[in-house]
2 protein chains.
Amino acid sequence: MSKNNNKPIEIPKPTFERLKKYHALLLQEKDKEYISSEEIAEKLNITPEQVRKDFTYLNINGKPKIGYHIPSLEKELSEFFGTWILDNIIIIGAGNLGSALAKYKGFKKIGIRVAAIFDNDPEKIGSLVGELSVLPLAEIKRVIKRFKVKIGVICVSENSAQEIAELLIQNGIKAIWNFTPVNLQTPPGIIVENQDITTGILTIKHLMEKE
Amino acid sequence: MSKNNNKPIEIPKPTFERLKKYHALLLQEKDKEYISSEEIAEKLNITPEQVRKDFTYLNINGKPKIGYHIPSLEKELSEFFGTWILDNIIIIGAGNLGSALAKYKGFKKIGIRVAAIFDNDPEKIGSLVGELSVLPLAEIKRVIKRFKVKIGVICVSENSAQEIAELLIQNGIKAIWNFTPVNLQTPPGIIVENQDITTGILTIKHLMEKE
DNA sequence: TAGATTGTTAATCGATTAACAATC
DNA sequence: TAGATTGTTAATCGATTAACAATC
């Protein structure tokens with residue numbers, strides 16, 4: 001029986017978001033070999049049925065009475081997200097956030113390596129952020145080619161975000177991870193993922209208001 | 001006609017998330033006085049119908065042929081999220097991420113003030129992060145009381161996250177903004193908002209894989 | 001075998017979209 | 001007035017939940 005790896009069905013958005021949570025959860029569960037849908041559900045405050053339903057979108061098989069084999073689950077989710085492929089990223093903006101990201105330890109296990117960090121402030125250029133030396137924007141072109149970078153992270157001020165996005169796209173970047181609140185205008189085919197840092201605290205504020 | 005401000009209908013989760021986006025978008029639109037649902041929709045890649053439907057959950061009224069009055073929209077959303085109330089927060093962990101958050105400029109406009117930053121590393125205690133001096137954990141109790149802090153931000157390492165959460169809750173914290181990938185165990189009534197920083201890049205990786 | 005848990009189909013529930021009347 | 005855009009109801013679509021058969 002040959003492996004059937006065509007995936008004809010598009011994954012629903014809510015399921016996609018939960019797959020990320022399963023992925024994160026499993027990276028924490030290193031002590032056990034098997035885990036049941038019941039157990040996963042409890043930790044994430046959802047129902048076991050939902051967990052099993054979500055897993056039908058992947059090539060995942062559990063064993064009745066035992067549960068799901070954690071390493072296999074992990075492998076499947078890792079393939080789904082492509083975390084076993086190493087992607088080089090570049091960070092534009094060596095301010096607080098950019099620097100913190102450049103030094104972030106958690107990227108390794110999801111297949112991300114920070115190739116370089118850039119800034120246009122002469123005072124910052126040449127200074128060290130972790131093990132990286134801050135490079136001038138003029139170096140972007142070279143670094144993208146050299147490290148085959150497809151993902152750019154924008155951590156600059158709001159008023160230069162659009163400009164930087166265009167610069168990145170001109171130089172062949174395919175995906176932008178945008179940490180500014182600016183709605184970037186980009187041509188079709190470019191992936192833009194907005195990571196508004198304030199989003200979580202807005203939920204907290206709203207929930208607290210009701211009490 | 002008296003203002004009817006009972007809000008009997010619970011807001012759907014997807015609508016809630018979009019309200020955050022409208023809120024962020026409006027903070028960018030300072031040049032115009034009115035904006036149409038069409039215009040909002042275009043910028044956020046959704047439909048105008050959805051925008052109008054979402055607004056029915058708030059006390060928002062647009063004018064046919066003109067659109068929505070931006071300052072009023074902003075005020076309504078600000079009340080919804082409680083961004084006009086100033087909340088003091090404390091940050092635990094003065095590493096890269098904790099320090100970046102402590103210095104983050106965007107908190108002010110959503111009604112957040114960082115009251116203090118803590119660490120248990122003797123080398124960090126007393127050092128400056130922006131305008132704040134890093135305090136030892138022993139000071140947490142006092143600071144929470146003094147500044148009536150209800151929100152705690154966890155930026156420590158994975159293995160002390162749970163412990164810190166318990167410490168915060170013991171000292172009266174009502175909501176936790178968790179930047180670690182750990183699934184915190186908390187008593188009922190405590191709000192926990194997990195802000196997994198890697199979530200955005202997983203989406204990017206998955207989308208890129210398909211091409 | 002009996003029991004527990006998976007996997008899947010059908011039923012329900014909720015959100016989005018479409019249609020159109022109201023209105024500035 | 002005519003036209004454009006809002007606001008709302010009804011129809012559709014999609015996701016979740018429930019039920020239960022399959023299976024280790």
Side-chain angles (χ1 to χ4, degrees), chain A residues 1 3-22 25-26 29 32-74 76-77 80, chain B residues 1 3-22 25-26 29 32-74 76-77 80:
Chain A
M1 188 171 68
K3 191 184 166 196
N4 179 11
N5 53 11
N6 55 336
K7 296 191 184 145
I9 307 144
E10 196 55 42
I11 292 189
K13 187 82 178 6
T15 296
F16 184 81
E17 292 305 316
R18 283 191 299 271
L19 290 180
K20 287 182 190 170
K21 290 184 179 160
Y22 303 142
L25 179 67
L26 291 171
E29 301 288 327
K32 284 190 311 264
E33 203 182 347
Y34 285 89
I35 192 164
S36 66
S37 57
E38 175 75 40
E39 219 172 332
I40 295 172
E42 201 206 324
K43 304 214 183 196
L44 299 180
N45 278 313
I46 53 176
T47 65
E49 293 82 3
Q50 185 140 68
V51 175
R52 297 202 296 274
K53 180 78 174 184
D54 286 344
F55 285 178
T56 63
Y57 292 99
L58 304 171
N59 292 322
I60 283 173
N61 290 298
K63 288 181 191 168
K65 198 162 150 67
I66 294 170
Y68 299 88
H69 187 231
I70 293 177
S72 305
L73 255 186
E74 232 180 273
E76 188 64 27
L77 285 165
F80 177 78
Chain B
M1 188 170 68
K3 189 185 165 195
N4 180 9
N5 53 8
N6 54 337
K7 296 190 185 146
I9 306 145
E10 196 55 40
I11 292 190
K13 186 82 179 4
T15 296
F16 183 82
E17 292 305 315
R18 282 191 300 271
L19 290 180
K20 286 182 190 171
K21 290 183 180 162
Y22 303 142
L25 178 68
L26 291 171
E29 301 289 326
K32 282 189 313 259
E33 201 182 349
Y34 285 89
I35 191 165
S36 68
S37 57
E38 176 74 40
E39 219 173 331
I40 295 174
E42 201 207 324
K43 303 214 181 195
L44 300 178
N45 277 313
I46 53 177
T47 65
E49 293 82 4
Q50 186 141 68
V51 174
R52 298 201 297 273
K53 180 79 175 184
D54 286 343
F55 285 177
T56 63
Y57 293 99
L58 304 170
N59 292 322
I60 284 173
N61 291 299
K63 288 181 191 166
K65 199 162 150 71
I66 294 169
Y68 299 88
H69 187 233
I70 293 178
S72 305
L73 255 185
E74 233 181 272
E76 188 64 27
L77 285 165
F80 178 79

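Chain naming here is simple, since letters A, B, ... match the order of the sequence lines and numbering starts at 1 in each.
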Visitor: Can you tell me if CD on A:Glu49 sees more than 12 non-hydrogen neighbours from other groups inside 6.0 Å?
Guide: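 Result for CD/A:Glu49: enclosed.
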Visitor: Let me know the distance between NZ of B:Lys65 and C1' of D:dT5, rounded to the nearest Å.
Guide: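 It works out to 9 Å between those atoms.
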Visitor: Specify the separation, in whole Å, of atom CZ of B:Phe16 and atom C1' of C:dG14.
Guide: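 After rounding, the gap between these two atoms is 18 Å.
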Visitor: Please report the distance, rounded to the nearest Å, between CD in B:Glu17 and C1' in C:dT16.
Guide: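 Distance check: B:Glu17 CD to C:dT16 C1' gives 17 Å.
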Visitor: Can you tell me if A:Thr56 touches the phosphate of C:dG7, counting only side-chain N or O atoms and a distance under 4.0 Å to OP1 or OP2?
Guide: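 Checking C:dG7 against A:Thr56, no side-chain N or O comes under 4.0 Å of OP1 or OP2.
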Visitor: Which one, D:dA4, D:dT17, D:dT9, comes nearest to the side chain of B:Lys53?
Guide: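 Among the listed nucleotides, the one closest to the side chain of B:Lys53 is D:dT9.
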Visitor: Is there a Watson-Crick or G-U wobble partner for D:dT12 with both distances under 3.5 Å, and which nucleotide is it?
Guide: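 Answer to the pairing question: C:dA15, which forms a Watson-Crick or G-U pair with D:dT12.
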Visitor: Between A:Pro14 and B:Ile66, who's closer to the 5' end of DNA chain D by nearest nucleotide?
Guide: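 Of the two residues, B:Ile66 wins.
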Visitor: Nearest to the A:Thr15 side chain among D:dT16, D:dT5, C:dA4, which nucleotide is it?
Guide: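 Per side-chain heavy atoms of A:Thr15, the pick is D:dT16.
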Visitor: Does the structure show a Watson-Crick or G-U wobble partner for C:dC20, both distances under 3.5 Å? Name it, or say none.
Guide: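 D:dG7 - that is the nucleotide pairing with C:dC20, both distances being under 3.5 Å.
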Visitor: Please state how far atom NZ in A:Lys13 lies from atom C1' in D:dA15, giving the value in whole angstrom units.
Guide: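 Between C1' of D:dA15 and NZ of A:Lys13: 14 Å.
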Visitor: Rounded to the nearest Å, what distance is computed from the NE2 atom of residue A:His69 to the C1' atom of nucleotide C:dT5?
Guide: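 In whole Å, C:dT5 C1' lies 17 Å from A:His69 NE2.
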Visitor: Using whole Å, report how far CD of A:Glu49 lies from C1' of D:dT17.
Guide: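 Between C1' of D:dT17 and CD of A:Glu49: 7 Å.
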Visitor: Just N and O in the side chain of A:Thr47: are any of them under 4.0 Å from OP1 or OP2 of D:dT17?
Guide: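 So the side chain of A:Thr47 is within the cut-off, an N or O lying under 4.0 Å from OP1 or OP2 of D:dT17.
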Visitor: On the nucleotide C:dG7, are OP1 or OP2 found under 4.0 Å from the side-chain N or O atoms that A:Asn61 carries?
Guide: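 It does, given that an N or O in the side chain of A:Asn61 lies less than 4.0 Å from OP1 or OP2 of C:dG7.
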Visitor: Just N and O in the side chain of B:Ser37: are any of them under 4.0 Å from OP1 or OP2 of D:dT6?
Guide: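 For B:Ser37, the contact criterion (side-chain N or O under 4.0 Å from OP1 or OP2 of D:dT6) is met.
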Visitor: Would you mind reporting whether A:Arg18 and A:Ile46 have side-chain heavy atoms less than 4.5 Å apart?
Guide: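 They are in side-chain contact.
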Visitor: Provide, to the nearest angstrom, the distance between the CD1 atom belonging to B:Ile35 and the C1' atom belonging to D:dA4.
Guide: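 In whole Å, D:dA4 C1' lies 17 Å from B:Ile35 CD1.
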Visitor: Think B:Arg52 has a side-chain N or O under 4.0 angstrom from the OP1 or OP2 of D:dT6?
Guide: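 Yes, because at least one side-chain N or O of B:Arg52 sits under 4.0 Å from OP1 or OP2 of D:dT6.
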Visitor: For B:Pro64 and for A:Asp54, find the nucleotide of DNA chain D with the closest heavy atom, then tell me which residue's nucleotide is more 5'.
Guide: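 Going by which nucleotide is closer to the 5' end, it is B:Pro64.
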Visitor: Can you confirm whether B:Lys13 is buried at NZ, in the sense that more than 12 heavy atoms of other residues, nucleotides or ligands lie under 6.0 Å from that atom?
Guide: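 No, not enclosed.
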Visitor: Rounding to an integer number of Å, can you tell me how far A:Gln50 CD sits from C:dG7 C1'?
Guide: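 Taking CD of A:Gln50 and C1' of C:dG7, I get 15 Å after rounding.
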Visitor: When we call it a touch if two heavy atoms are under 4.0 Å apart, what does B:Tyr68 touch: a base, just sugar-phosphate, or nothing?
Guide: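 Touches sugar-phosphate only.
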Visitor: Name the orientation class of the two ring planes belonging to B:Phe55 and B:Tyr22 (parallel below 30°, tilted from 30 to 60°, perpendicular beyond 60°).
Guide: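 Geometry flag for B:Tyr22 against B:Phe55: perpendicular rings.
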Visitor: Salt bridge between A:Glu17 and A:Lys21, side-chain N to carboxylate O under 4.0 Å?
Guide: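 Salt bridge flag = no for A:Lys21 with A:Glu17.
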